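Nothing here was measured: the structure is a model prediction, and the numbers come from that model. Excluded from the calculations below are hydrogen atoms, water molecules and symmetry mates; all remaining heavy atoms, backbone and side chain alike, are included. Here is how names work: the chains are called A, B, and so on, in the same order as the sequence lines, proteins then strands, and each is numbered from 1.
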Number of protein chains: 2
Amino acid sequence: MSQLDKIDAQLIDSLQADGRLSIAKLAERLGMSEATCWRRHKRLEELGVIEGYQATLNRRKLGGNVLAFVQITCTQHSEAATAEFERIIQASSRMLSCHNTTGEADFLLQIIAQDLDDYSRFVEKVLRQLPGVSSIRSNISLREMKTTSHLPVGELLGL
Amino acid sequence: MSQLDKIDAQLIDSLQADGRLSIAKLAERLGMSEATCWRRHKRLEELGVIEGYQATLNRRKLGGNVLAFVQITCTQHSEAATAEFERIIQASSRMLSCHNTTGEADFLLQIIAQDLDDYSRFVEKVLRQLPGVSSIRSNISLREMKTTSHLPVGELLGL
DNA sequence: ACTCATTTGAAAAGGATATTTCATTTTTAT
DNA sequence: ATAAAAATGAAATATCCTTTTCAAATGAGT
């Protein structure tokens with residue numbers, strides 16, 4: 001996707017900082033005409049580079065006081081077990097992410113919960129029910145030193 | 001924050017799904033008048049429950065092909081070292097998150113990079129320069145089975 | 001240099017948006 | 001039951017927005 005240039009990167013960065021920016025304001029900020037800005041913006045959406053827009057929330061103010069990173073190791077994995085695994089993952093709203101990773105564990109999950117009790121219940125009711133699980137190691141976040149979903153677009157594109 | 005009710009949760013959920021929804025459309029979707037919707041929305045922003053809005057990007061289409069989870073263990077930590085640690089973390093645009101966690105490692109980081117070469121360079125130039133680091137274990141994402149930043153608002157609020 | 005194709009932006013137009021107002025309804029407290 | 005307080009929503013309005021159009025500028029190929 002080297003069809004993206006520095007101006008696209010700036011446009012994307014602006015929308016990462018404020019997803020509600022209007023085309024008019026974007027154009028002004030980037031020093032281009034509205035029409036050109038509109039066309040670029042449309043293109044980025046059509047390319048699927050911009051997938052959508054969402055509100056950024058304060059998890060603590062919403063009662064999400066516990067954030068846990070869980071390392072799961074599995075034994076065998078029949079096809080049926082894999083499908084069941086996948087199904088549970090997709091259905092768990094408290095599970096924010098699940099990655100199959102290199103390293104000691106097989107999966108790395110990110111879980112949000114109200115508190116430690118709530119988290120503990122989740123581990124018993126959901127994680128321990130996952131098929132073929134042989135080990136579950138929880139790492140609870142004690143301090144969130146940095147969290148951002150702002151991608152370094154320019155750097156990734158090599159601009 | 002139990003001052004939030006089911007309607008607030010619905011409103012927030014809608015804005016998690018589409019952060020660009022206008023008040024008019026939100027109101028229609030939730031079956032309330034525009035004025036009421038506007039007032040609730042404003043309140044949620046003032047309370048800091050909604051912190052902002054941002055575009056959701058496709059990291060692969062932007063050249064972010066490698067996502068790594070890194071476990072870092074430290075030795076001692078003088079005050080100066082801690083400050084330096086913090087500074088580097090905040091300054092690293094490729095570092096998306098850093099949590100001080102329970103468990104074997106001290107910190108869990110999330111890094112995005114163009115490819116493995118780029119990632120390797122980052123580890124050498126940034127992570128190995130962190131003061132007091134005694135161990136670095138990398139877990140590269142092989143398969144992103146689930147990733148969402150959509151918080152289960154209703155559940156967290158107990159509604 | 002010349003032509004054709006592409007990109008650009010200023011302007012226009014209609015539509016949508018945020019925000020206030022005020023009369024009415026609903027809730028609360030007594 | 002009644003009065004005071006709070007919440008509601010329909011309507012109004014001025015502002016802002018998206019999207020198209022078209023003429024001019026720019027670039028590419030010969």
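- Arg128(B) is listed as a side-chain neighbour of Ile136(B), based on a closest heavy-atom distance under 4.5 Å.
- The side chain of Trp38(A) contributes an N or O atom lying less than 4.0 Å from OP1 or OP2 of dT19(D).
- Of the residues in residues 9-27 of chain B, none has a non-hydrogen atom less than 4.0 angstrom from any atom of DNA chain D.
- Judged by the 6.0 Å and 45° rule, Arg94(A) forms no cation-pi pair with Phe122(A).
- Within 6.0 Å of CD in Glu124(B) there are more than 12 heavy atoms belonging to other residues, nucleotides or ligands.
- Of the two residues contacting DNA chain C, namely Arg40(A) and Glu34(A), the nearest-nucleotide position lying further toward the 5' end is that of Arg40(A).
- When the shell of 6.0 Å around CD of Glu51(B) is examined, it contains more than 12 heavy atoms from other residues, nucleotides or ligands.
- One can place CD of Glu45(A) at 11 Å from P of dT18(D), the figure rounded to the nearest angstrom.
- The pair Arg40(B)-Asp5(B) meets the salt-bridge criterion, since a charged nitrogen lies less than 4.0 angstrom from a carboxylate oxygen.
- Counting 5' to 3', DNA chain C first comes under 4.0 angstrom of a heavy atom of chain A and last does so at the ends given by dT8(C) to dA10(C).
- Dashed line: the shortest gap from a side-chain N or O of Ser33(B) to OP1 or OP2 of dT8(D) is not under 4.0 Å.
- The shortest side-chain heavy-atom distance between Leu4(B) and Leu62(A) falls under the 4.5 Å cut-off.
- Side-chain contact between Leu108(B) and Val70(B) is absent, with no heavy atoms from C-beta onward closer than 4.5 Å.
- Put simply, the side chain of Lys146(B) gets close to the backbone of Ile89(A): a donor and an acceptor are under 3.5 Å apart.
- The separation between Arg43(B) atom CZ and dA6(D) atom P is 15 Å, rounded to whole Å.
- dT8(D) atom P lies 9 Å from atom CE of Met32(B), rounded to whole Å.
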